[in-house]
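Computed over heavy atoms, backbone and side chain alike; hydrogens, waters and symmetry mates excluded. Computed from a prediction, not measured in an experiment: that's the story for all the values here.
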Amino acid sequence: MPTRGSLQQSERLAAEQANLKHTHRHPLLSDSDINNILVNGAQISLSKLKRARSFNARIYYYAEIGVYLEVSLSRGAGISDAAREQLQTIHKEATHIHMNANKRLALRKAVA
């Protein structure tokens with residue numbers, strides 16, 4: 001016959017296991033995969049931003065990079081600090097590229 005202490009312990013273990021089933025997620029991607037996806041996606045958008053010929057295209061790719069950075073700020077999503085720093089660097093570079101292109105466009109309009 002089980003003792004009162006062993007019953008309480010087994011009940012507590014069962015409750016912990018049930019709680020783990022509800023809180024433990026089973027992602028299809030590992031944490032390192034999501035970091036690679038975010039950084040690679042931002043790098044692709046940066047490459048497209050560099051080649052963009054119009055303001056609308058530049059703002060679109062700049063916004064995409066901003067979304068990748070925003071997603072990286074989510075806590076508990078498995079985003080590493082290294083990936084977050086890479087995304088911040090990519091965003092900073094994209095900001096400079098976009099702003100310099102806007103300055104050149106404004107100068108061309110002023111001259112014309």
Side-chain angles (χ1 to χ4, degrees):
M1 179 171 203
T3 64
R4 180 178 168 103
S6 66
L7 278 176
Q8 287 176 342
Q9 185 177 9
S10 63
E11 288 173 359
R12 189 177 30 150
L13 282 173
E16 287 175 7
Q17 288 175 348
N19 190 26
L20 278 176
K21 285 181 183 178
H22 292 294
T23 59
H24 185 69
R25 61 188 184 121
H26 298 281
L28 296 174
L29 301 172
S30 71
D31 290 345
S32 62
D33 289 339
I34 193 69
N35 289 313
N36 288 335
I37 289 169
L38 289 173
V39 171
N40 290 341
Q43 287 175 335
I44 290 168
S45 295
L46 180 63
S47 295
K48 291 179 178 181
L49 172 68
K50 289 177 181 178
R51 293 190 311 261
R53 300 258 184 229
S54 70
F55 174 81
N56 287 341
R58 281 194 311 274
I59 198 74
Y60 178 83
Y61 296 122
Y62 182 73
E64 272 189 349
I65 294 166
V67 169
Y68 287 115
L69 179 61
E70 188 72 27
V71 168
S72 78
L73 299 176
S74 301
R75 297 288 176 208
I79 311 302
S80 70
D81 289 337
R84 194 172 294 112
E85 289 171 8
Q86 283 181 300
L87 289 166
Q88 288 172 342
T89 302
I90 292 169
H91 188 264
K92 187 182 289 187
E93 183 179 352
T95 301
H96 290 294
I97 291 168
H98 183 58
M99 294 306 220
N100 286 335
N102 287 344
K103 286 178 191 176
R104 285 192 305 273
L105 182 63
L107 287 174
R108 273 189 258 144
K109 286 183 179 180
V111 171

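Under a hydrophobic clustering in which Ile, Leu, Val, Met, Phe, Trp and Tyr are joined whenever their side-chain heavy atoms come within less than 4.5 Å, directly or via other members, Ile90 and Ile44 fall into different clusters. Val67 and Ile79 fall within a single hydrophobic cluster, where Ile, Leu, Val, Met, Phe, Trp and Tyr side chains are chained together by heavy-atom contacts under 4.5 Å.
With a 4.5 Å cut-off on side-chain heavy atoms, Asn102 and Arg58 count as touching.
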Show the numbers, then the answer: is there a side-chain contact (heavy atoms from CB on, under 4.5 Å) between Ile97 and Leu46?
-> CA-CA 9 Å; Ile97 291 168; Leu46 180 63; 3.9 Å; yes
Dump the intermediate steps for side-chain contact (heavy atoms from CB on, under 4.5 Å) on Tyr60 and Leu49, then the final yes or no.
-> CA-CA 8 Å; Tyr60 178 83; Leu49 172 68; over 6 Å; no
Could you give me the CA-CA distance, side-chain angles and deciding distance for Asn100 and Lys103, then say whether side-chain contact (heavy atoms from CB on, under 4.5 Å) is met?
-> CA-CA 5 Å; Asn100 286 335; Lys103 286 178 191 176; 4.0 Å; yes
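The heavy-atom pair separating Arg84 from Leu69 by the smallest distance is O-CD1, 4.4 Å. Minimum heavy-atom separation, Ile65 to Ala94: CD1-CB, 3.6 Å.
The OH atom of Tyr62 sits 6.5 Å away from the CE atom of Met99 when rounded to the nearest 0.5 Å. One distance of note links OG of Ser72 with CD1 of Ile34; it measures 11.0 Å at 0.5 Å rounding. Taken from OG in Ser45 to NE2 in His91, the straight-line distance is 11.0 Å, to the nearest 0.5 Å.
Counted within 6.0 Å of CD on Glu70, heavy atoms from surrounding residues, nucleotides or ligands total 12 or fewer; the atom is thus considered open.
Ring pair His98/Phe55 is tilted by interplanar angle, where 30° to 60° counts as tilted.
Remark: the backbone N or O of Ala83 is not paired with any side-chain donor or acceptor of Asn35 at under 3.5 angstrom.
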